[in-house]
Structure formats: C-alpha cells, structure tokens
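Have a look at the structure below, then the notes.
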2 protein chains.
Amino acid sequence: MKGATRPDRRHRRHEATRREILDAAWSIAREEGLTALSMRHLARAVGMEAQSLYTYFPSKHAIYDAMFADGNAHLLGLQSSLELDADPVVALHQAAHQFVEFCTSDPTRYQLLFQRTVPGFEPSSESYALARKVLDFASERLAAAGVADQTALDLYTALVSGLLNQQMSNEPGGDRWIRHLDRALDMYLRETTTDRHEPT
Amino acid sequence: MKGATRPDRRHRRHEATRREILDAAWSIAREEGLTALSMRHLARAVGMEAQSLYTYFPSKHAIYDAMFADGNAHLLGLQSSLELDADPVVALHQAAHQFVEFCTSDPTRYQLLFQRTVPGFEPSSESYALARKVLDFASERLAAAGVADQTALDLYTALVSGLLNQQMSNEPGGDRWIRHLDRALDMYLRETTTDRHEPT
DNA sequence: GTCTATATTTGGATAGAC
DNA sequence: GTCTATCCAAATATAGAC
C-alpha cells in the first residue's frame, strides 16, 4: 500500500503555500508599507503562527528577495509581450510608457524594486539577474532608436527615473511629473541622436 | 547672594548640549545608517543615559526633524554665499554644481533631506519651510536663465534629482551619472528656452 | 508541517529619586 | 539635569513536542 504522499505532490503543495504567503506579503506591504511587514503579521494573514513561516522561507530577507524576484519577473513578462511599433522611436515611447505605468500602478513594488529603502535588504544574485534583464531590455530599445553609447544610456535612466522619483515621492497617484515623459524623451533623443533627415 | 544660575546662561548651556547631541546623531547616522540611530546608541555617544536625552528632545522624531532643519539651513547658507556669474546660464550651472556637490559629499544627509527613507518621519512645517526656500532658490536661478513656467521647473528637478539618485543608489562616491550634469543642463535649456539670437 | 514555549535583542518612553 | 529602575511593545529566530 502507498501510504506516503508522492514527493512531487508534496512539492506542489509546498509551492502553492509559498505562493500564498508571498501574495499575503504583497498585500500587507501595499496596505501598511514595506517596513511594516513582519513575520507575526504575515503569519496572521495566512492563518499560521509566525514560526511556521520558516518552513517556507529561511528568513524575512528571503521573503523580500522572493518579492523582488516576483516583481521583476512580472515586469519582464509585460515587456516581452508588448507589441512594439515598427518605428523604433515610437517603440521607445511605448516601452517607456509601459515602464512608467508598471511603476506608478504599485508604489510599494516600485519602492522594493527600484529604490533601496528596506533597511538591510539586498537582492540575491539570482534575483538581481532578473533586474539586469529588465535594464537590458531598455538598452535594446534605445539602440534600436539610434542611441548606442553607455553614457547616453545612463542619461536615459536618470531622466526616466528622475521623473518617476519626483512623482512617487511628492505626488503619488498624480501625473505632475510623468506627464512630461514624452516631452522628456523627445528632448533626450534630440540630444543623443544625429538626425540624418533635414540636412539643410 | 545670587545662588541660582542666570536664565540666559542656563539657556545657552542647554543649546550647547543640544548641538552636541545633534552632532553625535549625524556622526552615528553617517557611520551606521539613518535607521540605525537609536536613543540608547546616541546617548552612549554623548556619555549620557538614553532617558536624559528627553530633556533636550521630546522624541526620536524630534531629533530627525532637527537634523532635517540643520541640513537645509546649511544648504541655504551655502547657496546664499555663492558668488554667481553675471551670465544667468553660467550661474545656473554653478548653482547646480554646488547643489550636486552638497548632496554627494554626504549621502546620509542626502537621504534624510531628499529621499523619504526614514520609516515614520515627516518634517515639521517649520523645518519644511526651509526646504521650500531651497527650492525657491532654484526657481529664481531658472527664471533668470529664461525658464519661467512651472512645468519646466518640474522637469528641471526631475533631471537633476534623477542624475543624483542614480549616482547615490548605484555608485556612491563615483561620477558615472553626475558627470553628465553640464550636458544635461544644456540639453534642458535648449528645450525650455527660446533662443532669441540666431534667428536665421 | 504546525504548533507551544521560549530565547534573545532591541527599541521608545515614563516615574521618581537625587 | 541626570540618574536608576522599569514598563511596554515588538521583532527575529530556535527547540522540541505532536
């Protein structure tokens, strides 16, 4: 007789609970802030004792790390599935808008992924690799639009993140800064690309 | 006989001790991070018991607030005493460089003044008024250079803070982003001002 | 896998003697 | 103004029974 649960079944169950905990963590962080997330609080939300969480995550930082990976994976999925215009300049605007939408739609996630506000947290190298891929995506969009060098890429990230930071810090939910995104992109492209048409 | 200390003398002594505590707080925050600052830790640094600090500051937040005011007052002093070039465009570059230097020279201060990273802290209205004056300064420099409207001012703060944020977050101490400050300013001015010379 | 019990640390803040 | 003595709350994490 096979009294024991099959290993893969147990594994699936384990993963499902992990997912459940992670979702609850996002929920708490969104409602009360990233730093307000605690093991006790999280445990209560999923109907467990705090100590039982250690079966699924070795530490609180591991939970932050899983959230970090989670958010980046989500963004990568969005970026991959976005239908880009044939015109690389239009495509760059599209991609930038998608990124801004992703960030503004969830300030907590933005804080975890792009600001360094959680006290002792640093992403693991595995999670950080995902963040790198996100940046590579932007790099490709820029190259397609005629911007190739590293310095111009740095200026781009500064410009977009500058608008986002101001928006999220001073007027979350509004558009006082991010509504200048298109203007900022045009300004940026005028600076960093050499127009080959209109030679006169 | 006048056995009691004169009130103003007592007041001066009180202020001196306050100053001493504040300096120690900056020192600790710089060495171990803003969030690592605790009453016990701070008290040990000045040779007191933690409880005695409450004679000088009613709460921990009051200490953060005093630090916030401190930093902004310092910046205002620097801005006021800077000799600006007669050419408003050159003057804008000067002022921007001074600001960037102020920020990069003390990451902890930058974090307290311009990022919102301390968990529950929000500056009092008195302290915030100082921060407003700092922004007014930038506003005047921009107006002198021919940038008057609010949207352009928002774009300016996004641009400068964007470079700073990237620099402080990803490579503190380096210049990978801030070395593009002049280029970014020129790009910005080209976008936001109408050149009256070269009408052809 | 989940629980109870507990260790351990750390924090902010108050009361009252001196 | 400074101290001792506490209070109170909250956090992460481990040990071991079931």
Side-chain angles (χ1 to χ4, degrees), chain A residues 3-25 28-29 31-67 117-122 124, chain B residues 3-25 28-29 31-68 112 117-122 124:
Chain A
T5 334
R6 293 227 317 286
D8 59 332
R9 225 195 111 97
R10 193 159 46 199
H11 184 259
R12 264 206 308 261
R13 178 87 182 90
H14 189 85
E15 285 305 303
T17 308
R18 240 182 93 98
R19 184 69 251 172
E20 197 185 332
I21 292 169
L22 220 46
D23 288 341
I28 291 172
E31 282 163 28
E32 308 183 37
L34 272 174
T35 55
L37 184 65
S38 77
M39 300 300 267
R40 285 159 150 69
H41 201 149
L42 178 54
R44 204 183 324 130
V46 295
M48 269 183 192
E49 291 303 311
Q51 300 87 328
S52 303
L53 293 175
Y54 289 86
T55 305
Y56 302 94
F57 296 95
S59 71
K60 190 187 176 184
H61 272 36
I63 296 178
Y64 280 132
D65 195 55
M67 293 169 80
T117 179
V118 182
F121 170 64
E122 270 201 83
S124 64
Chain B
T5 336
R6 292 226 318 286
D8 60 332
R9 226 194 110 96
R10 193 160 47 199
H11 183 257
R12 264 205 308 259
R13 178 88 181 88
H14 189 86
E15 285 305 304
T17 308
R18 240 182 94 98
R19 184 70 252 172
E20 197 185 332
I21 292 168
L22 219 47
D23 288 339
I28 291 172
E31 281 164 29
E32 308 183 37
L34 272 173
T35 55
L37 184 65
S38 77
M39 300 299 270
R40 285 159 151 74
H41 199 148
L42 178 54
R44 205 184 322 130
V46 295
M48 269 184 192
E49 291 303 310
Q51 300 88 329
S52 304
L53 294 174
Y54 288 86
T55 306
Y56 302 94
F57 296 95
S59 71
K60 189 188 176 184
H61 272 36
I63 296 178
Y64 281 132
D65 195 56
M67 293 170 80
F68 182 86
L112 178 64
T117 178
V118 183
F121 170 65
E122 270 200 82
S124 64

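Chain identifiers are assigned alphabetically (A, B, ...) following the order of the sequence lines, protein sequences preceding nucleic acid strands; residue numbering begins at 1 within each chain. The structure presented is a predicted model; accordingly, all values stated were derived computationally and were not measured. Keep in mind that the numbers below use all heavy atoms, side chains included, and drop hydrogens, waters and symmetry copies.
Protein atom CD1 of B:I21 is 10 Å distant from nucleotide atom P of D:dG1, rounded to whole Å. At whole-Å resolution of the value, CZ in B:R13 and C1' in D:dT2 are 12 Å apart. When rounded to the nearest whole Å, the span between NE2 of A:H41 and P of D:dA9 equals 17 Å. The separation between A:F57 atom CZ and C:dG1 atom P is 13 Å, rounded to whole Å. Between the CZ atom of A:F121 and the P atom of D:dA11 there is a distance of 20 Å, given to the nearest Å. Rounded to whole angstrom, the span from the CE atom of A:M48 across to the P atom of C:dT4 amounts to 13 Å. Distance, B:E49 CD to C:dG11 C1': 15 Å, rounded to whole Å. The distance from atom NE2 of B:H11 to atom P of D:dG1 is 10 Å, rounded to the nearest whole Å.
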For residues 44-60 of chain B, dump all side-chain donor-acceptor pairs below 3.5 Å to protein atoms at least two apart in sequence or in another chain.
| from | atom 1 | to | atom 2 | distance (Å) |
| --- | --- | --- | --- | --- |
| B:T55 | OG1 | B:S52 | O | 3.1 |
| B:S59 | OG | B:H61 | N | 3.4 |
| B:S59 | OG | B:A62 | N | 3.2 |
| B:K60 | NZ | B:L37 | O | 2.7 |

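For the atom pair CG (B:D8) and NE2 (B:H14), the distance works out to 14.5 Å, reported to the nearest 0.5 Å. Note that the CZ atom of B:F121 and the CD1 atom of B:I63 stand 11.5 Å from one another [nearest 0.5 Å].
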Give every pair of a protein N or O atom and an N or O atom of nucleotides 12-14 of chain C that lie under 3.5 Å apart, one pair per line with the distance.
| from | atom 1 | to | atom 2 | distance (Å) |
| --- | --- | --- | --- | --- |
| C:dG12 | OP1 | B:K60 | NZ | 2.8 |
| C:dG12 | OP2 | B:M39 | N | 2.8 |
| C:dG12 | N7 | B:R40 | NH1 | 2.9 |
| C:dG12 | O6 | B:R40 | NH1 | 3.4 |
| C:dG12 | O6 | B:R40 | NH2 | 3.4 |
| C:dA13 | OP2 | B:Y54 | OH | 3.1 |
| C:dA13 | OP2 | B:K60 | N | 3.2 |
| C:dA13 | O5' | B:Y54 | OH | 3.4 |

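B:D65 approaches B:E122 most closely through the heavy-atom pair OD1-O, 4.5 Å. The nearest pair of heavy atoms linking B:V118 to B:L112 is CG2-CD1, 4.1 Å.
As judged by a 4.0 angstrom heavy-atom cut-off over every strand, A:Y56 is placed among residues touching the sugar-phosphate backbone only.
The phosphate of D:dG1 has neither OP1 nor OP2 within less than 4.0 Å of any side-chain N or O from B:T55. Side-chain N/O atoms of B:S52 include none lying less than 4.0 angstrom from OP1 or OP2 on D:dG1.
Considering only heavy atoms from C-beta on, B:R19 stays 4.5 Å or farther from B:E15 through its side chain.
For A:E32, the CD atom counts as densely surrounded, since its 6.0 Å shell holds more than 12 non-hydrogen atoms of other residues, nucleotides or ligands.
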